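First comes the structure, then the notes that go with it.
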There are 2 protein chains.
Amino acid sequence: MLHVAEAARVSVATVSALINGTATVSPELSARIEQAIRDIGYKRNAIARSLKMGTTRTIGLTVPHITNPFFTDVVSVIQQAFDRAGYAVMLCCTDEDLNTQDDQIRLLLDRMVDGLIVARVGDGAILKRIVADANVPVVLLDRLCEGVDTDAVVLDNQRAVFDAIRYLINLGHRRIGYITGTSDISPMHDRMTGYCEALQAAGLPVLEELVRSGNFHEIDGYNATMQLLSLHDRPSAIFSANNPMVIGTMKAIRDIGLSCPEDISVACFDDFPWSDVFQPQLTTVAQPVQAIGEQAANLLLDRLGGDRDAPPRKLVLKGRLMIRDSCRPVAALVQSANA
Amino acid sequence: MLHVAEAARVSVATVSALINGTATVSPELSARIEQAIRDIGYKRNAIARSLKMGTTRTIGLTVPHITNPFFTDVVSVIQQAFDRAGYAVMLCCTDEDLNTQDDQIRLLLDRMVDGLIVARVGDGAILKRIVADANVPVVLLDRLCEGVDTDAVVLDNQRAVFDAIRYLINLGHRRIGYITGTSDISPMHDRMTGYCEALQAAGLPVLEELVRSGNFHEIDGYNATMQLLSLHDRPSAIFSANNPMVIGTMKAIRDIGLSCPEDISVACFDDFPWSDVFQPQLTTVAQPVQAIGEQAANLLLDRLGGDRDAPPRKLVLKGRLMIRDSCRPVAALVQSANA
DNA sequence: AACGCTAATCTAAACGTTTCGATCATGTCA
DNA sequence: TGACATGATCGAAACGTTTAGATTAGCGTT
């Protein structure tokens, strides 16, 4: 900028005024300055600007796994939304690891991001403190955090799973295996509650042997399913509360020599792009990823736009049961078993 | 930092020296300073540091679509690699749009990223100039760019497709439909070449009617497949040079009342996590995503680590044909048609 | 006692912006 | 003609660091 100012024989203040339109500058000087900018190929240094302005027009986004199709989609939507608004987004993946997440959030805060969207992992105690200390707006994504009273957008997980399990019960299933992630995050807890309530509503017992938990990865789903399938009286249906784990479920079913939906019904949380082109077409509960991403972005952009002190808004969206053909009535199962 | 210095009754220079370990400071003052840091909860401002140091420990990463599983995986690997190295990554998705990409690269450069990893879109002319102007190291990912002589990691696309098409030919296929993306990017060009060479090597003609191109999206694959399937003498196999488009291919096959692999064989570029759990298990050419991501990250980290003037390195990795069961010998097709 | 050496500390300038208040010319009004 | 508002421009301080070079104190040599 100094060079531009010299070349145009004006002060840096005038150059700044012209670039930002913060003051009127005469046509004559404008022309000279613009010429100099072109000659020199000047680009404003956003870092210096950030230092002075106290704002970086950058936000931080942390998710557990970008390869989980739910997060892939949401990240994509959020990225687009902020791109449109002229913000850059720094992406971090925590791999469901608490310490990693803390480090990453600190890294983002050090870099003075203007805001944060976080799908928290693990216990939220530290997150709570970090959020309190840093005075940047935070929106919680997908997962709530006890004691952190801030904007959030989540799914009505309990209801979504309730509907899915009820659907299975209506098909005649009585022993429904349930595979969950670690229960220290709100969606897993709520989904579990939905499972229990659906069973209870139908007068069915919640059996400990039918519930298995893993750490969100495919291998965990595989192991959990293996355990369920080796039960003396194995379940006639399995619901996986997490998408990557359902891949493990399908592989376990295949490896043990069974097939879905002929021998066992399967449903899971989170839809994915391939769900309706391959067999079996999986019955899933789909989250409104587009809306979730957009709402999260809007919540943050609103805060960034000024209204810092408005009470936190918590958006709860509805899931949608996508009934396809990975679940069969139990009658059909019995029939095929007799055949 | 000023506050810390005051509280510890030392100069800011001493505080800086202690924090960065750039000079020895007496145990006594160290203790006072550390105490003050804790009391105040001081965090170094990375923006101010960047301004002074001329480095942000942040890199920019632009890809066409994060929802394309190839890029999802690669982005994930790259993000992890830089995270380990203490770098933040700013992610941009260009949606295969040339102007978007230019804008985003400028945005990243304005923010003084230390380096850039770009899977370019469209014609590389502007990219070329931008890269020349900005003197940050750039590594090209997946797609080369004519005239831009810089580090790169790409696949041997030609060979990979050659192998896949030869496989189809060996199965007896003579009319092989080919669906490509827009041909202005190197992988699409090279893959097309691989297709042509495989045909020629087998003494088969390259028929224009069997080649369709689209803009990388599912809908494009759908339309292209519809056209191929409505041909008077329809192809017995279809190869899709891009992953999202193959979903469209499968949907089109289903919608037209055919099934794969019974009526038509399908193979495509890029593997995905579900490829071996659902039916038909798709035959794909898998890219070594882990290696690609890591190599790209290493290339850039090496430059960042100092060696700015070493000659550009271009890494060419090999694809791997994952033979599953979406392709059948033509004999079988004839047989089932007669049955 | 004067000297030089080392280690610890500090002062102050820089990095590239933004912005407040000052300056200065110009035109308007009484 | 003097007072004064207006509009354009500028000087300089500030944002929070890093760092070169200055300063100081302590200590061993001669």
Side-chain angles (χ1 to χ4, degrees), chain A residues 1-37 40-58 86 88 106-107 109-114 133-136, chain B residues 1-37 40-58 86 106-114 133-136:
Chain A
M1 186 137 123
L2 182 61
H3 296 118
V4 171
E6 280 168 359
R9 304 185 307 281
V10 298
S11 76
V12 290
T14 310
V15 177
S16 177
L18 176 65
I19 290 176
N20 299 307
T22 50
T24 45
V25 359
S26 69
E28 188 191 358
L29 291 203
S30 295
R32 287 221 305 267
I33 293 171
E34 274 158 8
Q35 184 60 48
I37 287 178
I40 297 184
Y42 166 79
K43 303 246 75 192
R44 173 166 71 191
N45 182 320
I47 295 294
R49 176 166 224 260
S50 293
L51 177 59
K52 184 64 189 170
M53 306 277 277
T55 170
T56 52
R57 285 195 88 75
T58 300
R106 261 187 274 268
L107 178 98
L109 256 16
D110 283 355
R111 285 188 173 54
M112 304 232 321
V113 291
D114 290 344
D133 287 356
N135 60 346
V136 302
Chain B
M1 185 135 125
L2 182 60
H3 297 119
V4 171
E6 279 168 0
R9 304 186 305 281
V10 298
S11 76
V12 290
T14 310
V15 177
S16 177
L18 177 65
I19 291 176
N20 299 306
T22 50
T24 45
V25 359
S26 69
E28 188 191 358
L29 290 203
S30 294
R32 287 221 307 267
I33 293 171
E34 274 158 7
Q35 185 60 48
I37 287 177
I40 297 184
Y42 166 78
K43 302 248 74 194
R44 173 167 70 190
N45 182 320
I47 294 294
R49 177 165 223 259
S50 293
L51 178 59
K52 183 65 190 169
M53 307 276 278
T55 170
T56 51
R57 286 193 87 75
T58 300
R106 261 187 274 268
L107 178 99
L108 292 170
L109 256 16
D110 282 356
R111 284 185 172 58
M112 304 231 323
V113 290
D114 290 344
D133 287 357
N135 60 346
V136 302

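Note on naming: letters A, B, ... go to the chains in the order of the sequence lines (proteins, then strands), and numbering restarts at 1 for each one. These numbers come from a predicted model, not from an experiment.
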### Query
Can you list the residues that meet the side-chain hydrogen bond (donor to acceptor under 3.5 Å, both in side chains) rule with T58(B), with sequence neighbours excluded?
R111(A)
### Task
Scan for side-chain hydrogen bond (donor to acceptor under 3.5 Å, both in side chains) pairs involving residues 16-27 of chain A, sequence neighbours excluded, and state none if there are none.
S16(A)-N20(A), N20(A)-R44(A), N20(A)-R49(A)
### Task
Not counting sequence neighbours, which residues clear side chain to side chain contact (heavy atoms under 4.5 Å, CB included) with K43(B)? List them please.
R106(A), D110(A)
### Query
Atom CZ of R9(A) and atom CD1 of I33(A): how far apart are they, to the nearest 0.5 Å?
11.0 Å
### Query
So what does M1(B) hit on the nucleic acid, given a heavy-atom distance under 4.0 Å: a base, only sugar-phosphate, or nothing?
base
#### Entry: Qualifying residues under side-chain hydrogen bond (donor to acceptor under 3.5 Å, both in side chains), relative to T55(B), sequence neighbours excluded
D114(B)
### Message
To the closest 0.5 Å, what do you measure between NE2 (H3(B)) and OH (Y42(B))?
### Response
11.5 Å
### Summary
Sorted by number, residues from residues 3-30 of chain B placing a heavy atom under 4.0 Å from DNA chain D are A13(B), S16(B), N20(B)
### DNA chain C contacts made by residues 106-114 of chain B, counting heavy atoms under 4.0 Å
none
### Task
Under the side chain to side chain contact (heavy atoms under 4.5 Å, CB included) rule, collect the residues that match up with S50(B), sequence neighbours excluded.
I47(A), T56(B)
### Message
I'd like to check the side-chain hydrogen bond (donor to acceptor under 3.5 Å, both in side chains) partners of Q35(B); sequence neighbours left out, ordered by chain and number.
### Response
D39(B)
### Message
List the residues meeting side chain to side chain contact (heavy atoms under 4.5 Å, CB included) with D133(B), not counting sequence neighbours, and say none if there are none.
### Response
R129(B)
### Task
On DNA chain D, reading 5' to 3', which nucleotide is the first and which the last to sit with an atom under 4.0 Å from a heavy atom of chain A, could you check?
dA8(D) to dG16(D)
### Message
Testing the basics here: between A88(A) and L107(B), what is the closest heavy-atom pair and its distance to 0.1 Å?
### Response
CB-CD2, 3.9 Å
### Within residues 40-51 of chain A: residues closer than 4.0 Å to DNA chain C (heavy atoms)
Y42(A), K43(A), R44(A), N45(A), A48(A), R49(A)
### Query
Taking only residues at least two apart or on different chains, which pairs with a member in residues 19-30 of chain A satisfy salt bridge (charged side-chain N to carboxylate O under 4.0 Å, His left out)?
E28(A)-R32(A)
### Query
Where do V12(B) and L2(B) come nearest, in terms of heavy atoms and distance?
CG1-CA, 3.9 Å
